[in-house]
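First comes the structure, then the notes that go with it.
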Number of protein chains: 2
Amino acid sequence: MNNRLKELRGTRGWSQQTLAENLDISRQSVIAIETGRYDPSLPLAFRIAELFACRIEDVFVSPSAGQVAG
Amino acid sequence: MNNRLKELRGTRGWSQQTLAENLDISRQSVIAIETGRYDPSLPLAFRIAELFACRIEDVFVSPSAGQVAG
DNA sequence: TTTATATGTAAAGTATCCTTTACATCTTGA
DNA sequence: TCAAGATGTAAAGGATACTTTACATATAAA
């Protein structure tokens with residue numbers, strides 16, 4: 001699932017380490033999510049959205065989003 | 001994490017089995033999520049929100065939602 | 001009573017998420 | 001050159017999500 005985590009982190013000028021501390025997760029988890037190795041759990045997705053004061057749908061993009069028939 | 005899955009399912013008049021088939025998961029997963037035994041993965045949370053044509057935040061309620069200081 | 005539908009618990013196994021540790025590369029600056 | 005910060009890969013282990021199967025209870029209908 002695509003996401004804008006790296007972009008959002010950039011707007012704050014945060015390193016991966018700083019973001020990890022703000023989310024109370026490891027730096028490896030930040031890397032894994034940013035590089036698309038895996039998706040966060042739902043509770044973590046909520047913490048991420050809350051941290052950046054936006055909706056989950058504004059951070060993560062469902063594979064089926066925006067699809068049209070055909 | 002609290003959720004309104006059972007309530008939303010009720011508005012459609014669907015059994016757990018029918019919901020499971022619509023989400024392409026097992027009935028046990030539906031039960032586990034409805035009864036709060038565990039949270040869905042983020043991709044499944046997206047599928048649930050899409051099925052009911054609403055936002056993830058309209059189905060699942062973050063533990064920290066609506067909290068005020070004190 | 002028997003049958004069918006709906007809901008729930010339990011347990012065992014697989015898949016995914018997340019952590020810790022270690023190591024590699026690149027950039028910046030003393 | 002050397003040190004430090006930022007980003008990335010890899011691997012092993014623990015935690016959580018999800019599946020399958022089996023069994024229990026309740027309700028409704030023949």
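Convention: sequence-line order gives letters A, B, ...; per-chain numbering from 1. Hydrogens, waters and symmetry mates are skipped; everything else that's a heavy atom, side chains included, is used.
At a threshold of 4.5 Å between non-hydrogen side-chain atoms, the residues A/Val59 and A/Cys54 count as touching. Residues A/Ile48 and A/Phe60 are in side-chain contact: their nearest non-hydrogen atoms beyond the backbone lie under 4.5 Å apart. Looking only at side-chain heavy atoms (C-beta outward), B/Leu51 and B/Trp14 come within less than 4.5 Å of each other. In this structure the side chain of B/Asn3 never reaches within 4.5 angstrom of the side chain of B/Leu8, judged on heavy atoms.
Between A/Glu34 and A/Lys6 the shortest heavy-atom distance is OE2-CA, 3.5 Å. The two residues B/Ile33 and B/Pro40 come nearest to each other via the heavy atoms CD1-CB, 3.8 Å. The two residues B/Ala45 and B/Ile56 come nearest to each other via the heavy atoms O-CG1, 3.9 Å. Summarising the geometry of A/Arg9 relative to A/Leu19, their closest heavy-atom pair is CD-CD2, 3.7 Å, with the distance given to 0.1 Å.
Between B/Ser29 and D/dA17 there is no side-chain polar atom (N or O) within less than 4.0 angstrom of OP1 or OP2.
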Would you tabulate the side-chain donor-acceptor contacts of residues 23-32 of chain B under 3.5 Å, counting partners in other chains and residues two or more places apart, or write 'none'?
residue: B/Ser26; atom: OG; partner: B/Ser29; partner atom: N; Å: 3.2
residue: B/Ser26; atom: OG; partner: B/Ser29; partner atom: OG; Å: 3.2

Please list, pair by pair, any protein nitrogen or oxygen found under 3.5 Å from a nitrogen or oxygen in nucleotides 26-30 of chain C.
none

Protein N or O to nucleotides 5-15 of chain C N or O, pairs below 3.5 Å:
residue: C/dT7; atom: OP1; partner: B/Arg9; partner atom: NH1; Å: 3.0
residue: C/dT7; atom: OP2; partner: B/Gln16; partner atom: N; Å: 2.9
residue: C/dG8; atom: OP1; partner: B/Lys6; partner atom: NZ; Å: 3.1
residue: C/dG8; atom: OP2; partner: B/Gln16; partner atom: NE2; Å: 2.6
residue: C/dG8; atom: N7; partner: B/Arg27; partner atom: NH1; Å: 3.3
residue: C/dG8; atom: O6; partner: B/Arg27; partner atom: NH2; Å: 3.0
residue: C/dT9; atom: O4; partner: B/Gln28; partner atom: OE1; Å: 3.0
residue: C/dT9; atom: O4; partner: B/Gln28; partner atom: NE2; Å: 3.0
residue: C/dA10; atom: N6; partner: B/Gln28; partner atom: OE1; Å: 3.3

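As a whole-Å value, the separation of A/Tyr38 OH from D/dA15 P is 15 Å. The nearest whole Å value for the distance from the CG atom in A/Leu44 to the P atom in D/dA15 is 18 Å. One interatomic measurement links the two molecules: CD of A/Glu21 to P of C/dC18, which rounds to 18 Å at whole-angstrom precision. Atom CG in B/Asp39 sits about 14 Å away from atom P in C/dC17, given to the nearest Å. If you measure from atom CD1 of A/Ile33 to atom C1' of C/dC18, you get 9 Å, rounded to the nearest angstrom. In this structure, A/Met1 atom CE and C/dT16 atom C1' are separated by 13 Å, rounded to whole Å.
A/Ser26 comes within contact range of at least one nucleobase, with a heavy-atom separation under 4.0 Å.
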